[in-house]
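We count ligands from 1, going down the list as the structure has it; atoms in each ligand are counted the same way. Fair warning: this is a prediction, and the values are worked out from it, not measured in the lab.
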Amino acid sequence: MNIVVGVTGGIAAYKTVHLVRLLTKAGHEVTVVPTEDALRFVGTPTWEALSRHPVTTSVHDDVARVRHVALGQNADLVVVAPATANSIAKITAGIADDLLGTTLLATEAPVLLAPAMHAEMWRNAATQANIATLRSRGVHLVGPSDGELAGGDSGPGRMSEPEVIFEAALGLLAPRDLDGLGVVVSAGGTREPIDPVRFLGNRSSGRQGIALAVDAAARGADVTVVAANISDDVLADARHPSIRVVPVGTAAELSDAMKDAALAADIVIMAAAVADYRPATVAHQKFTKEQGVLTHVDLVENEDVVAALAAARAEGHAPGGQTIIAFAAETSEDAEERRERARRKRERKGVDLLAVNLANADHGFEKRDNAVEIVGAGGEVVASAAGSKNEVARAILDAARRMR
Ligand code: CTP
């Protein structure tokens with residue numbers, strides 16, 4: 001694929017070097033279009049060596065081939081990383097006073113911006129209005145994330161890591177094979193309150209569920225994410241015009257939100273880690289040591305949400321042909337034992353596909369990478385995937401699409 005990487009003048013340009021490497025290593029033709037300012041941070045020889053294409057900032061070079069429009073016309077994707085506050089303002093206004101500006105105006109390909117700036121500049125009403133306008137025009141954004149900024153500040157404004165931008169870019173190059181479908185994903189981990197300050201929870205970060213939502217949206221689906229206690233940093237990746245986020249806290253709240261959203265969904269994916277039990281009573285006041293030692297908590301069982309969704313589908317409360325996918329995090333080191341448990345679990349829950357992964361200190365929860373096997377209705381492993389959570393998401397949605 002032909003990918004234009006626009007680079008504007010911010011210190012995060014040094015991270016874009018790695019992004020260009022990832023894209024070329026994945027077999028894409030990359031043309032880097034820096035602004036004059038960007039070259040103060042990383043120079044032309046670096047971009048030319050990495051992309052193996054000539055690099056210029058000017059609309060007056062290569063006029064014979066009408067480079068200032070040809071680049072945009074031939075692009076399958078334009079990524080701008082870093083996108084500074086100034087460049088975002090220029091893109092919003094359609095200013096075309098350099099090669100990047102003309103390329104962006106001439107392209108009909110998807111455009112992905114990776115903003116990078118100081119937190120104050122990101123929060124500024126002007127920037128936020130520009131971002132809202134760009135989103136309404138279908139421009140895609142990745143990040144910014146929360147973290148350390150140049151000069152020692154911290155806050156929202158840090159450019160997403162190259163790997164995250166790379167995954168977002170691949171998502172935009174994805175086939176639109178879920179066009180018009182409704183996809184509902186639960187993500188994160190429920191928290192069951194014990195008292196106003198304590199809860200029973202789990203270690204799910206929500207990353208796998210968010211990756212599923214992002215990939216489904218990139219493939220054309222309308223997506224609802226029922227998000228249980230996911231950090232803003234992880235949720236930031238789900239900012240997409242086709243993704244609606246419904247925040248929930250407890251298993252009961254998640255159940256209500258899922259049942260509501262699943263009524264019109266074609267694909268339902270239960271990636272959330274749902275507590276099987278909750279405290280029988282929730283204290284209105286905090287437990288204190290003066291009241292005695294809290295040595296045990298009585299628990300009652302929560303509903304199995306995905307089994308309830310599968311039963312509702314069987315009773316005709318959801319569209320015909322709805323595909324339901326569950327997850328199972330298994331701790332057994334023995335792959336065949338994990339598969340066997342997955343087969344039984346799929347049948348017990350009445351779902352179409354069950355993605356099983358190994359969860360221990362090195363795999364699964366809170367990790368960036370994942371590895372799953374997907375068990376189908378005949379008990380066979382219909383697909384497997386290992387790698388980033390985005391790669392795993394793609395494999396799961398591929399399996400869902402194949403079975404539909
Ligand atoms: N799940 C659910 N409702 C619950 C618990 C789990 O919908 N109350 C869903 C999860 O979202 C996941 C799947 O069920 O998709 C796997 O749950 P898991 O906890 O592995 O299954 P259990 O039936 O609790 O089996 P186990 O005895 O292994 O804990």
Side-chain angles (χ1 to χ4, degrees), residues 183-193 199-213 216 224-230 246 248-262 265 267-280 299-314 317-318 322-335 337-360 363-365 370-377 389 392-393 395-397 399-400:
V183 174
V184 180
V185 184
S186 71
T190 64
R191 290 180 181 178
E192 309 299 319
F199 59 82
L200 293 177
N202 60 68
R203 291 171 50 193
S204 177
S205 65
R207 281 203 184 90
Q208 185 61 73
I210 295 299
L212 281 157
T224 301
V225 179
V226 173
N229 309 298
I230 301 181
V246 181
V248 295
T250 63
E253 287 165 14
L254 182 139
S255 169
D256 287 348
M258 284 304 288
K259 285 176 186 162
D260 190 39
I267 300 176
V268 176
I269 309 176
M270 275 294 288
V274 185
D276 288 324
Y277 303 95
R278 66 177 182 276
L299 300 176
V300 291
E301 200 165 352
N302 281 330
E303 174 191 31
D304 187 324
V305 181
V306 78
L309 293 171
R313 168 181 68 171
H317 299 307
Q322 185 177 75
T323 308
I324 305 186
I325 305 168
F327 272 76
E330 300 292 345
T331 50
S332 167
E333 302 277 337
D334 176 5
E337 191 181 326
R338 288 201 299 276
R339 275 175 220 131
E340 205 31 65
R341 286 181 59 83
R343 287 180 192 116
R344 289 201 300 271
K345 201 170 275 189
R346 191 204 63 76
E347 250 187 81
R348 191 168 74 235
K349 294 186 185 255
V351 299
D352 302 300
L353 297 171
L354 190 132
V356 56
N357 67 343
L358 171 62
N360 61 22
H363 298 91
F365 287 164
N370 202 0
V372 299
E373 287 190 330
I374 303 165
V375 175
K389 289 190 175 175
V392 168
I396 291 170
L397 287 166

For ligand 1, which atoms have a heavy atom of Glu303 less than 4.0 angstrom away? 3 (N), 4 (C), 8 (N)
May I ask you to decide if Glu337's main-chain N or O and Glu330's side chain share a donor-acceptor pair within less than 3.5 Å? no
Who's the nearest protein heavy-atom neighbour of atom 14 (O) of ligand 1, and how far? Lys349 NZ, 2.9 Å
Proximity to ligand 1 by part of Arg348, non-hydrogen separation under 4.0 Å: side chain
Is the shortest heavy-atom distance from the side chain of Arg278 to the side chain of Leu200 under 4.5 Å? no
Please examine the side chains of Val372 and Asn357, heavy atoms only from C-beta on, and report whether any two atoms are closer than 4.5 Å. yes
Quick one, Glu373 and Arg338 - any side-chain contact, counting heavy atoms below 4.5 Å? no
Test of understanding: with side chain to side chain donor-acceptor pair (under 3.5 Å), list the residues that count as partners of Ser205, not counting sequence neighbours. none
At what distance, to the nearest 0.5 angstrom, does CE of Met270 lie from CG of Leu212? 12.5 Å
I'd like to check whether Val306 has a polar contact with ligand 1, where a contact means an N/O of the residue lying under 3.5 Å from an N/O of the ligand. yes
Assess whether a salt bridge exists between Glu340 and Arg343, defined as any Lys/Arg side-chain N lying under 4.0 Å from an Asp/Glu carboxylate O. yes
Short N/O distance, under 3.5 Å, between Met270 and ligand 1? yes
Using a 4.0 Å cut-off to any heavy atom of Lys345, which atoms of ligand 1 qualify? 18 (P), 20 (O), 21 (O), 25 (O), 26 (P), 28 (O)
Determine whether any heavy atom of Ala275 lies closer than 4.0 Å to an atom of ligand 1. yes
For Asp352, run the side chain to side chain contact (heavy atoms under 4.5 Å, CB included) check against Ile325, Val268, Thr323 and tell me which one passes. Thr323
Are any of the N/O atoms in Val305 less than 3.5 Å from those in ligand 1? yes
Nearest 0.5 Å, what's the CG-CD1 distance between Leu353 and Ile396? 9.0 Å
Which residue from Ala326, Ala272, Ala187 reaches closest to atom 10 (C) of ligand 1 through any of its heavy atoms? Ala272
Under 4.0 Å from a heavy atom of Phe327: which atoms of ligand 1 are those, numbered in the order shown and with their elements? 12 (C), 13 (C), 15 (O), 16 (C), 17 (O)
Per-atom filter on ligand 1: closer than 4.0 angstrom to a heavy atom of Asp276 are 4 (C), 5 (C), 8 (N), 19 (O), 24 (O), 29 (O)
Any idea which atoms of ligand 1 are less than 4.0 Å away from a heavy-atom of Asp304? 2 (C), 3 (N), 4 (C), 7 (O), 8 (N)
With a cut-off of 4.0 Å, which atoms of ligand 1 are near a heavy atom of Arg341? 28 (O)
